[in-house]
Participant: 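Following this message is one structure expressed as structure tokens.
What you are looking at is a predicted structure, and each value in this text was computed from that prediction instead of being measured. Heavy atoms only: backbone and side chains are in, while hydrogens, waters and symmetry mates are out. Both ligands and their constituent atoms are indexed starting at 1 by order of listing.
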Amino acid sequence: MSKQPSNTVFHPASAPDFLPLPQLRSLQLRRLQAVVRRAYERVELFRQRMDARALTPDDVQCLEDLARLPFAEKTDLRDTYPFGLFASPMKDIVRLHASSGTTGKPIVVAYTQEDLQVWTNVMMRSLAACGLHEGDIIQNAYGYGLFTGGLGAHYGAEALGATVIPISGGNTQRQLMVMKDFGVTAICCTPSYFLHLIDQSQECGVDIRKLPLRAGVFGAEPWTESMRRRIEAESGIKAYDIYGLSEIVGPGVAMECQCQTGAHIFEDYFYPEIIDSKTGQPVADGEEGELVLTTLGKQAMPMIRYRTRDITALKAERCECGRTLRRIRRIGRRADDMFIIRGINVYPSQIEAALLEVDGALPHYQILLTREKGLDDLEVQVEVTPEVFGDTVGALEQLRQKVNQSIESTIGLRAKVRLVQPRTIKRSEGKAVRVIDQRKM
Ligand SMILES: [Zn+2]
């Protein structure tokens with residue numbers, strides 16, 4: 001069975017991906033003016049903030065004017081829980097989703113019929129961008145339910161004309177059986193769950209490399225380039241990065257094309273800016289900062305200048321695929337995931353990259369933060385291959401030191417490294433739990 005990506009068949013719905021820039025910019029401006037007006041007229045919080053700045057929707061004359069408008073933040077969704085930011089009456093709202101919310105109230109998002117069509121459209125274009133098409137058999141292992149992942153991918157796959165298997169998350173044995181028996185060609189899930197499937201496949205006597213599976217649409221958690229290389233090498237598939245967040249639409253805000261050089265933002269519906277997190281000022285294309293998104297087509301819950309807390313940079317140069325949509329550099333760093341240890345800011349993805357530099361270390365790890373006598377401790381537990389584990393104590397110690405050095409040279413801190421046997425670290429069926437913070441705040 002060939003593992004080469006099939007010749008890309010562009011779905012007609014992908015046409016906006018290739019709009020000439022002047023056309024795209026004028027479409028964006030038209031939609032921006034409409035959405036700002038809608039939010040101003042229907043969302044009290046937004047109107048108050050505009051009034052406080054003595055701004056009206058008429059002040060948006062060009063795309064640059066967007067930078068004069070107030071930001072929206074996650075706390076706005078919490079403060080107005082559950083329906084305070086809705087711009088449509090409930091009779092026009094046909095779907096609600098909510099974040100799981102580990103503490104306190106979740107955030108609630110709403111869709112009109114038209115919003116669902118937009119979401120379906122961008123998800124379909126996402127799947128088409130990585131070379132999927134009619135005839136593909138897509139195993140959708142994102143969770144179905146209040147989480148946006150499952151249904152988002154589902155409707156996009158159906159609209160594409162592919163065959164979708166709504167298996168949802170969990171039940172790994174059944175996932176592998178279906179993958180093999182149904183001739184699955186693409187899978188949607190978190191990258192960590194796919195790693196778990198690879199792991200289990202060996203135990204179940206399924207060789208993923210020999211199956212028709214050729215693409216993975218991986219998202220819902222940050223992952224690194226090193227992780228992509230591991231996944232591709234171990235499974236023989238192409239691993240693509242999809243980006244999205246419920247506050248904006250769900251998955252399908254941005255997606256990698258087959259060039260795998262950053263995710264194209266579906267700019268006709270989501271307008272991106274990058275700002276300096278501290279000053280709130282926009283930075284130039286190519287510079288790193290926080291991603292801010294404005295929904296250009298949202299009816300039920302327009303988001304103007306929503307601060308995503310994701311750190312990235314915009315790539316404005318034209319992609320080899322021909323899409324005119326700007327790309328975002330891979331998001332390895334979510335401001336929300338950052339932890340501070342001994343005064344140093346650390347992102348889990350930095351540790352992931354450091355670990356995966358070392359041969360023998362497996363992409364399963366967990367970071368444990370503890371505090372003893374006022375001193376913070378960072379422990380990294382990482383699984384190692386059975387070969388290393390079965391080797392001499394000396395070899396194990398050598399590997400431990402290598403991992404230690406790799407982490408130290410990446411984050412500038414010494415961590416306590418604990419090598420553990422394969423399958424010691426608890427697997428997750430959705431987003432992986434990378435950091436356990438046991439410090440008493
Ligand atoms: Zn491209």
Side-chain angles (χ1 to χ4, degrees), residues 3-25 27-28 118-134 136 138 152-153 156-157 159-160 162 185-188 191 214-220 222-225 227-229 231-232 237-245 248-274 284-288 291 293 296 308 310-332:
K3 286 283 187 181
Q4 294 307 308
S6 64
N7 287 334
T8 305
V9 181
F10 285 117
H11 198 282
S14 292
D17 297 10
F18 299 89
L19 273 186
L21 280 182
Q23 235 172 295
L24 177 60
R25 298 288 173 252
L27 174 73
Q28 287 173 323
V118 169
W119 190 14
T120 297
N121 176 270
V122 292
M123 266 316 297
M124 169 172 57
R125 287 157 64 189
S126 297
L127 299 171
C130 70
L132 301 179
H133 46 72
E134 210 178 86
D136 268 307
I138 301 178
L160 186 69
T185 57
I187 184 164
C188 304
R214 66 168 204 280
V217 177
F218 299 132
W223 53 306
T224 56
E225 273 305 308
M227 182 71 97
R228 185 206 314 262
R229 285 195 293 273
I231 288 176
E232 293 191 341
I237 73 165
K238 286 278 180 192
Y240 296 99
D241 189 22
I242 188 165
Y243 173 75
L245 59 169
I248 296 301
V249 76
V253 172
M255 173 71 190
E256 278 187 331
C257 66
Q258 288 180 293
C259 302
Q260 296 181 309
T261 50
H264 289 282
I265 296 192
F266 294 104
E267 279 196 70
D268 47 330
Y269 287 118
F270 314 111
Y271 192 83
E273 298 170 272
I274 303 284
D285 281 352
E287 272 179 51
E288 186 179 273
L291 177 65
L293 291 166
L296 298 179
T308 64
D310 289 327
I311 310 298
T312 182
L314 271 180
K315 295 167 93 172
E317 63 274 20
R318 187 70 67 88
C319 181
E320 273 176 42
C321 72
R323 283 178 173 75
T324 48
L325 307 170
R326 281 175 286 179
R327 285 165 287 166
I328 39 171
R329 201 186 60 195
R330 170 187 283 279
I331 291 168

Participant: Could you grab the distance from atom CG of Leu293 to atom OH of Tyr243, nearest 0.5 Å is fine?
Facilitator: 5.5 Å
Participant: Of the non-hydrogen atoms in Ala162 and Ile138, which two are nearest, and what is the gap between them?
Facilitator: CB-CD1, 3.7 Å
Participant: Could you tell me the separation between the CG atom of Asp268 and the CG atom of Leu296, rounded to the nearest 0.5 Å?
Facilitator: 8.0 Å
Participant: Thr185 side chain to Arg214 main-chain N or O, any donor-acceptor pair under 3.5 Å?
Facilitator: no
Participant: Given Glu256, which partner from the list Arg327, Arg228, Lys238 fulfils the side-chain hydrogen bond (donor to acceptor under 3.5 Å, both in side chains) test?
Facilitator: Arg228
Participant: Just to be sure I understand the site: which N, O or S atoms from the protein are less than 2.8 Å away from the Zn ion (ligand 1)?
Facilitator: Cys257 SG, His264 NE2, Cys319 SG, Cys321 SG
Participant: Roughly how far apart are Gln28 CD and Glu267 CD, rounded to 0.5 Å?
Facilitator: 5.0 Å
